[in-house]
Amino acid sequence: MARAAERRLIAPDTEPEGRPEELRLLEALLFASAEPLDEKTLAHRLPAGVDVADALKRLQVEYATRGVNLVRVAGKWTFRTASDLAWLMTHEAVQPRKLSRAGIETLAVIAYHQPVTRMEIEEVRGVMMSRGTIDVLLETGWIRPRGRRKAPGRPITYGTTETFLSHFGLESLNDLPGLDELKGSGLLDARLPAGFTVPVPSDDPALRDDEDPLEPGDLDFGLAPPPERVEKG
Amino acid sequence: MARAAERRLIAPDTEPEGRPEELRLLEALLFASAEPLDEKTLAHRLPAGVDVADALKRLQVEYATRGVNLVRVAGKWTFRTASDLAWLMTHEAVQPRKLSRAGIETLAVIAYHQPVTRMEIEEVRGVMMSRGTIDVLLETGWIRPRGRRKAPGRPITYGTTETFLSHFGLESLNDLPGLDELKGSGLLDARLPAGFTVPVPSDDPALRDDEDPLEPGDLDFGLAPPPERVEKG
Amino acid sequence: MSDNVLPFADITGIDRATDEPALMVDVEGFEGPLDLLLMLARQQKVDLAKISILALADQFLAFIEAARKLRLELAADYLVMAAWLAYLKSRLLLPDLNAPEGQSAEDLATALAYRLKRLEAFREVAGKLLALPQLSREIFHRGNPEAIAEIKHPLWTATLYDLLSAYALQRQKKALGNVRVPQRTVWSLAEARAALEKLIGAAVDWTCLDEYLIAYVVEPAHAATVMASSFAATLEMVREGVLDMHQHTAFAPIYVRKHTDSVAAKSKGAPAPGAKND
């Protein structure tokens, strides 16, 4: 004990060979253990005669400036990443995600029918829209609320963005195939009833006659009320 | 980097404050992960301009005499308890699955002879092999089917995995014990007499000229490797 | 072939081709004929390179003969090896000048010696491999790894084809769906009930049910469903004693009112609970 203390006074790190074996043992035990260990357990595992408390303190000092520190949690000892390196312990990853079928269908309707309200989308699709669908599309950055329809309830109108064009490799919305092209490519059945039309879409940012500008609060949809919920008003 | 090298020359351990930050970062990352990390991953997580290979070598030297060593397995870096401390770690030790003699020998033939087919293994061992032997080895995650030999019957070729290297603490197949003697004696050559080229085992995921890729159904046998255990090949 | 004597062979590790008959002879723990040959060769106590293949063949054949005398069934590969060794022996002993082209008897003997050497070499490295410090047996990784928090940034993907086919499919489905059953607006019992409760709460006197309902019938098309649901809800409420109801004759308007004890006491016998009587 006295010897160890003395050694510490001289130079803790200059003589790695002179480093007491118990520090190696503690290091290994604490490193491999699945949970923090208390001094009693450590003492039990170490050769008799080792002053565990003293050795732990020395080890703690040794590791104090390192990227990993020896810390005491609820009376037990464990190695932990230095707290100033928390930033290093996060990993930001881009995760490709495929849009759901409802998402892609809604997006398609918005693209062709814009500016379009939620109710109009539902009418074209023939199904009610789940709350999250518009949220996800807003998150993609491919659609944006562009105004409010001058109609009862003043519903929000949606349109596509420039990001939309660049993601789908379109120079402009005019590049979206029309009725004849859709038929020609086989995407649309040739036996469609007369009077079936595909709108000529436009993402002209200028509001239409039946649109009002958005109000200040309309764009605050961070975590806040999803726009389509507002729409019900 | 020149500065860091210089610093190293002076005194690696006397100035803990002067210890380059990258060593702290590496320490933290490698300590935190139970899995070995490759240099590319580490470089990606560290500030630009850090010479990762050099820093790793310094860290390895620093930890060489400690209870926890920085080792390289399967070309990746990880901290592991010093091998001389096995006596201390009995509490952590898990009883590994006991391989049968057939299993051990088959593993050795696969390791030293890979890529190798079942028939070739049987040839070396002079005995027919039960399906169970391969299954047990697949279950350990140490071997994987890697392709099909371009030969009549298109037999599956087997090789070892990264898990194998990691489990036995090998940096690469070149570190297999006794490999040089085996090579030198010409016993790795299936043909007689020892050929001009000395065949060496290879776990390079790239298929050899005489290997075809596995087909989808090939991995569907019984106990066989869960897909995530099969390394990309 | 030798499973019952291998101390560490578990069931799945037993080396036996599945089409072989179950075990026949205790070949004393040998892993096949080559293993047996190797042991016999070892007994010659010479370098495997200098082994007398002839002597080895004799030993092996003697072993097989002994087993046969004991009427022990031998695994097929032992018998195949025995046959091969007998052939090799005859060729070694009686060099046939008219032997077929190809390998000489010496070549075959060398090949066998090579195989024995190779088997022995693999045995050796297998031992060395298993003697290496193994993870979680002698050396250990971090027992309590710290998770690296993954912050995922979704990158949405979809192709133009997805988009166009989704659009075309939807429009087409609607346009071609000539037998489209329009979605019916159906009042749930709970809805009707909630509406009624709200209204009845205000009316203590007898009121015509139709009057209540008409307020909810936005479109004439919905009248039937609203009527049905509300009537069912009314019956339910009467059963619970919340409501009283009353109808003079069949098809006459149905009157309801809030049920109170005082009212019930006064107008005893007027509308029987839960029935369209009177």
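Convention: sequence-line order gives letters A, B, ...; per-chain numbering from 1.
With A:Gln114 as reference, A:Thr160 is the one residue of A:Asp203, A:Asp204, A:Thr160 to meet the side-chain hydrogen bond (donor to acceptor under 3.5 Å, both in side chains) rule.
Heavy-atom pairs under 4.5 Å with chain C peak, among A:Arg101, A:Glu139, A:Arg80, at A:Arg80. Heavy-atom pairs under 4.5 Å with chain C peak, among A:Thr78, A:Thr106, A:Thr197, at A:Thr197. Counting heavy-atom pairs closer than 4.5 Å to chain C, the top-ranked of the candidates A:Leu30, A:Val109, A:Leu182, A:Leu88 is A:Val109. Contact count against chain A (heavy-atom pairs under 4.5 Å) is highest for C:Leu160 among C:Leu160, C:Leu169, C:Asp162. Counting heavy-atom pairs closer than 4.5 Å to chain A, the top residue among C:Ala158, C:Pro145, C:Ala166, C:Ala168 is C:Ala158.
Remark: A:Glu62 does not engage A:Arg58 in a salt bridge, criterion side-chain N to carboxylate O under 4.0 Å.
In this structure, chain C has no heavy atom under 4.5 Å from any part of A:Val127. Both the backbone and the side chain of A:Thr140 come within less than 4.5 Å of a heavy atom in chain C. Of the atoms belonging to A:Phe196, it is side-chain heavy atoms, and not backbone ones, that fall under 4.5 Å from chain C. At a 4.5 Å heavy-atom cutoff, A:Glu181 makes no contact with chain C through either its backbone or its side chain. Contact annotation for C:Thr159: only backbone heavy atoms (N, CA, C, O) come within less than 4.5 Å of a heavy atom of chain A.
Rounding to the nearest 0.5 Å gives a distance of 14.5 Å between CH2 of A:Trp77 and OG of A:Ser33. Expressed to the nearest 0.5 Å, how far CZ of C:Phe140 lies from CG of A:Leu29 amounts to 10.0 Å. Annotation: the span from A:Glu120 atom CD to A:Arg125 atom CZ amounts to 14.5 Å, rounded to 0.5 Å. Rounding to the nearest 0.5 Å places CZ of A:Arg154 at 13.0 Å from OG1 of A:Thr117. Separation of atoms OH (C:Tyr167) and CG (C:Leu164) is listed at 10.5 Å; rounding is to 0.5 Å. Interatomic distance, CG of A:Leu26 versus CZ of A:Phe79, reported as 8.0 Å (0.5 Å rounding).
Heavy-atom neighbours of chain C within the stretch residues 169-177 of chain A, taken at a separation under 4.5 angstrom, comprise A:Leu170, A:Leu176, A:Pro177.
Nearest heavy-atom pair, A:Leu138 versus A:Arg144, reported as atom, atom and distance to 0.1 Å: CD2-CA, 4.1 Å.
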Q. Taking it one step at a time, do C:Glu120 and C:Lys117 satisfy salt bridge (Lys or Arg N to Asp or Glu O under 4.0 Å)?
A. CA-CA 5 Å; C:Glu120 188 171 57; C:Lys117 257 170 78 182; over 6 Å; no
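With A:His167 contributing its side chain and A:Gly141 its backbone, the two residues share no donor-acceptor pair below 3.5 Å.
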